[in-house]
Amino acid sequence: MSRKDELKKEICEKSLQAFHAGLFAGTSGNMSVYLRDEGIMLITPTSVRYETMRPEDIVEMKPDGTLLKNDNPSSEWRLHAEIYRANEDVSAVFHTHSPHATAFAVNRMDIPATLIEAYFFLGGSVPCAEYATPGTPEVGIYAAKVLPGKGGCLLANHGVVAVGSDLSQAYIRAEYIEDAAKICIMARQIGTPVELEHL
Ligand code: 13P
């Protein structure tokens, strides 16, 4: 199997796993990997249920919008493209609507660093980027502004973006962003969580 085919399979497997883990509902969320040497992005198609998505459905395209294989990329492909353009260390982008983290996003609040994992995986707190209309390049431009040094960020009134050097890293960061938000919400119900300034 070619490297590209392996990555398409991995995108389908991880997207389905994330759906079952509750990181997004319905067909929302999207995942991509960037083959920087070839200038090719592999990205989930728009509005396809994760139970039925197959590796051959993954869209191959360039970050400028040129379609190479399949013609139905995620409506958020510009978000992915802008993040790849802004940060050469990022080769995987995972956009979720995980519920606890998205609760912070709709309040336009950062998720504070209250767990040690925030430092191991996320670069501390998770910042919330400025609001932009879904599907526009600004979603990615505003995310890229707050991402340096971070494993991910929130998109105001929208959801979560986790980034990584590969799909596994972006995935585990998305899991820890949701966990950080969930624990913080629970902690606020019984007391006042203490933010960790450093490890
Ligand atoms: P798709 O277009 O990738 O299905 O995504 C919808 C979405 O999650 C918008 O935030």
Side-chain angles (χ1 to χ4, degrees), residues 7-34 40-86 90-109 111 126-147 152-164 167 170-171 173-175 177-178 181:
L7 287 168
K8 289 181 182 181
K9 187 165 169 278
E10 191 180 350
I11 288 174
C12 287
E13 288 169 356
K14 285 196 162 53
S15 298
L16 184 61
Q17 186 185 345
F19 174 67
H20 288 311
L23 296 184
F24 33 63
T27 63
S28 63
N30 28 76
M31 188 182 282
S32 74
V33 64
Y34 188 37
I40 295 176
M41 219 164 59
L42 307 179
I43 188 163
T44 46
T46 186
S47 308
V48 174
R49 286 204 72 93
Y50 295 101
E51 300 96 322
T52 61
M53 192 180 290
R54 300 158 306 160
E56 53 269 37
D57 298 327
I58 300 302
V59 177
E60 290 184 30
M61 66 188 299
K62 293 188 181 175
D64 67 4
T66 308
L67 294 165
L68 305 170
K69 195 164 202 180
N70 297 332
D71 60 359
N72 54 343
S74 166
S75 56
E76 291 297 349
W77 68 265
R78 293 177 185 84
L79 158 68
H80 296 243
E82 291 300 336
I83 291 174
Y84 292 132
R85 214 188 307 278
V90 173
S91 292
V93 173
F94 185 23
H95 167 46
T96 78
H97 291 187
S98 66
H100 296 87
T102 302
F104 278 84
V106 301
N107 280 320
R108 303 194 181 183
M109 289 162 59
I111 306 171
V126 181
C128 184
E130 196 181 325
Y131 180 77
T133 304
T136 61
E138 282 70 25
V139 182
I141 292 168
Y142 298 160
K145 269 193 200 172
V146 298
L147 275 172
C153 72
L154 303 177
L155 307 173
N157 296 85
H158 187 162
V160 176
V161 172
V163 298
L167 288 165
Y171 190 95
R173 284 172 164 174
E175 287 181 301
I177 290 171
E178 176 59 7

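Just follow the structure's listing: the first ligand is 1, and inside any ligand the first atom is 1.
Counting only heavy atoms from C-beta outward, the side chains of Arg108 and Asn157 approach each other to under 4.5 Å.
Protein residues are said to neighbour a ligand when one of their heavy atoms lies under 4.0 Å from it; for ligand 1 these are Thr27, Ser28, Gly29, Asn30, Thr46, Ser47, Ser74, Ser75, Glu76, His95, His97, His158.
Between the side chain of Tyr171 and the main chain of Ser15, no donor-acceptor pair closer than 3.5 Å is present. Side-chain atoms of Arg78 never come within 3.5 Å of backbone atoms of Thr136 as a donor-acceptor pair (strictly under, hydrogens ignored). Ser75 contributes no side-chain N or O that, together with a main-chain N or O of Gly135, makes up a donor-acceptor pair within less than 3.5 Å. Asn72 places no side-chain N or O within 3.5 Å of a backbone atom of Thr46 that could act as its donor or acceptor partner. Listed for the His95 side chain is no donor-acceptor partner under 3.5 Å among the backbone atoms of Ala162.
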